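Reviewing the structure listed below.
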Amino acid sequence: MEVDQDVSVREQLFHEWVRECIICTLLFSTLYLLSYMVITKFKKHADFATVDVEDAAVNRIALWMCTFTLAVSVGAVLLLPFSIISNEVLLSVPHNYYIQWLNGSLIHGLWNLVFLFSNLSLVFLMPFAYFFTEAEGFAGSKKGVMSRVYETSVVLLLLTLLVFGIVWVASAIFDDDAAGRESLYDLWEYYLPYLYSGISLFGVLLLLLSTPFGLSRMFSVTGKLLVKPRLLENLEEHLSCTAFEEAAISRKITTKASCWLNLNMEALQKRLLAIQSHRITLEMRRRASPWQRNLVYPLAMLLLLALTAITVLIVCVNVLELLIDEAAMPKGLQDSRLGKVSFSVFGSFGAAVQVILIFYLMASSVVGFYSSPVFIRLLPKKSDTTMTKIIGNCVSLLILSSALPVFSRTLGITRFDLLGDFGRFNWLGNFYLILLYNMLFAGLTTLCLVKKFTWAVQAELIRAFGLDRLPLSVNKVRSQGKV
């Protein structure tokens, strides 16, 4: 009897394992297809339609690796929201037959897979893809793809040894425990998580710098996508001036102007494209309905302002909780307690707000990252992004997205504790570091928003009263208002 019971338990566990594998495979396949569609819209088609068959094959292999990395990045972004939503669903309908596949074992497995694939992409796939595209084969060896694979493998091995040595030296400097240094010899259990802990810390610091700037930039980006109401503005006059300027530049380009004038035709072409884009924007605003012009834009701005204010308020409350209760410190769990209790005091509504804020912070961090002067050159262009730039974008997005769960938990956006190896980072237990991080985020976000709205209101008033046509002193203020 006991033997039959053990067999049935093993069969049940095996069936659950097979079901979880099928679900994970379907989820990752969907993310992979979506990532492939996104990358193909930005890749430079000339790199894949080249006469050199070897270069085309190398670029295709690198593209597959980048697609895998981007799929892992999207999975890391969805990881925490999916866990929060799953917990609320299990709380609402715990005994529903159709959601029996949704359990703590599946969620815990997804966290471990994302952590594993993030390590694999950062440590192996992306360095391999970069060196693979740059490799030409060893001197004297037979040309071909395998020659590039050998060169890339050797360079990657040397880089791995160099990074391993740097991490071991850093451990010897900052960690006085000899057992901790000896544990680094265990590659899988300690070295990779230790290295990923440093990468995650870098990602969290990068989010600290890019997210506050992105939160202020979100207003400008949204304003470009929507039709803005203009006070005291003559739209027809602006359209007429733009049309006259477009016609004048077009005439200069077609007639080549006079023979004694040395015109920069490339600069004129760029200027003509900018004027045409501005004219199309003005025509779209003229055709916009009154409700779209006077209702949608203010509501969107109010929504962004509300989300930003809620984020800052939550972080300020988290600072107070850190000073009062140690339970506010981020920590990791090895077993998921899904379906037991809600992770928000407001129940399902609070969980929905947490999910929205997590996506909003990720979008803001991406906007701030690509708007910064350091990384603006990485901004991909449609159908004109080289393979090297695609690799750089995939690495950057993976670093940002894999740090998002730690970032959200550190700021107190959610109380969902980190699962798996995400909670094993050493610096998460440093109270002063977590407290300083929260205070810096609240301060930087408030500073960016105050500066943004101060200059934006001043510039908008200048445009509304026509003062932008006055001499240089006023125009200088107007240019400072543009972010």
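These numbers come from a predicted model, not from an experiment.
Side-chain contact between F369 and L397: absent, with no pair of heavy atoms (C-beta onward) separated by less than 4.5 Å. Side-chain atoms of V317 and E321, non-hydrogen and from C-beta on, do get closer than 4.5 Å to each other. Side chains of F68 and S35 form no contact here, defined as non-hydrogen atoms less than 4.5 Å apart. Side-chain atoms of C394 and M65, non-hydrogen and from C-beta on, never get closer than 4.5 Å to each other. Proximity of Y36 to L63: side-chain heavy atoms (C-beta onward) are separated by under 4.5 Å at one or more points. For the pair F132 and I391, the minimum side-chain heavy-atom distance is 4.5 Å or more. Side-chain contact between V315 and M439 is absent, with no heavy-atom pair separated by less than 4.5 Å. When side chains are defined from C-beta on, T410 does not count as touching V204, because their heavy atoms never get closer than 4.5 Å.
Atom CG of D384 sits about 11.5 Å away from atom CZ of F42, to the nearest 0.5 Å. Between atom CZ of residue F128 and atom OG of residue S153 there is a gap of 5.0 Å, rounded to the nearest 0.5 Å. The distance from atom CG of L404 to atom OG of S365, rounded to the nearest 0.5 Å, is 7.0 Å. Annotation: the span from I390 atom CD1 to L378 atom CG amounts to 11.5 Å, rounded to 0.5 Å. The OG1 atom of T211 sits 6.5 Å away from the CG atom of L361 when rounded to the nearest 0.5 Å. Taken from CD1 in I23 to CG in L110, the straight-line distance is 8.5 Å, to the nearest 0.5 Å.
For S121 (side chain) and T69 (main-chain N/O), no donor-acceptor pair under 3.5 Å exists by modelled atom type. Between the side chain of T40 and the main chain of M37, a donor-acceptor pair closer than 3.5 Å is present. Of the possible polar contacts, none joining the T445 side chain to the A442 backbone as a donor-acceptor pair under 3.5 Å is found. For N393 (side chain) and L379 (main-chain N/O), no donor-acceptor pair under 3.5 Å exists by modelled atom type. The backbone N or O of L398 sits less than 3.5 Å from a side-chain atom of S401, completing a donor-acceptor pair.
Closest heavy-atom contact between L400 and S210: CD2-OG, 4.5 Å. Listed here is the closest heavy atom pair of N318 and N438: ND2-OD1, 2.8 Å. The two residues A351 and E88 make their nearest non-hydrogen contact at CB-CG, 3.5 Å.
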One pair to check against side chain to side chain contact (heavy atoms under 4.5 Å, CB included): I376 and S371. What are the steps and the verdict? CA-CA 6 Å; I376 193 171; S371 300; over 6 Å; no
L102 and F82: side chain to side chain contact (heavy atoms under 4.5 Å, CB included), yes or no, with the steps? CA-CA 11 Å; L102 192 61; F82 182 75; 4.0 Å; yes
Let's go through C66 and M387 carefully: what are the C-alpha distance in whole Å and the side-chain angles of both, what is the deciding distance for side chain to side chain contact (heavy atoms under 4.5 Å, CB included) to 0.1 Å, and is it a yes or a no? CA-CA 9 Å; C66 291; M387 200 66 236; 3.7 Å; yes
Yes or no on side chain to side chain contact (heavy atoms under 4.5 Å, CB included) for F359 and V77, after CA distance, side-chain angles and deciding distance? CA-CA 8 Å; F359 284 125; V77 173; 4.0 Å; yes
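Atom OH of Y130 has 12 or fewer heavy atoms from other residues, nucleotides or ligands within 6.0 Å. Few gaps surround CZ on F131; more than 12 heavy atoms of other groups in view lie less than 6.0 Å from it.
The aromatic rings of F28 and Y32 are tilted relative to each other, their planes meeting at an angle between 30° and 60°.
F407 has its ring centre less than 6.0 Å from the ring centre of F441.
Under the 3.5 Å distance criterion, with hydrogens and angles disregarded, no donor-acceptor pair is assigned to the side chains of S105 and W17. Under 3.5 Å, the side chains of S396 and Y370 contain no donor-acceptor pair of N or O atoms.
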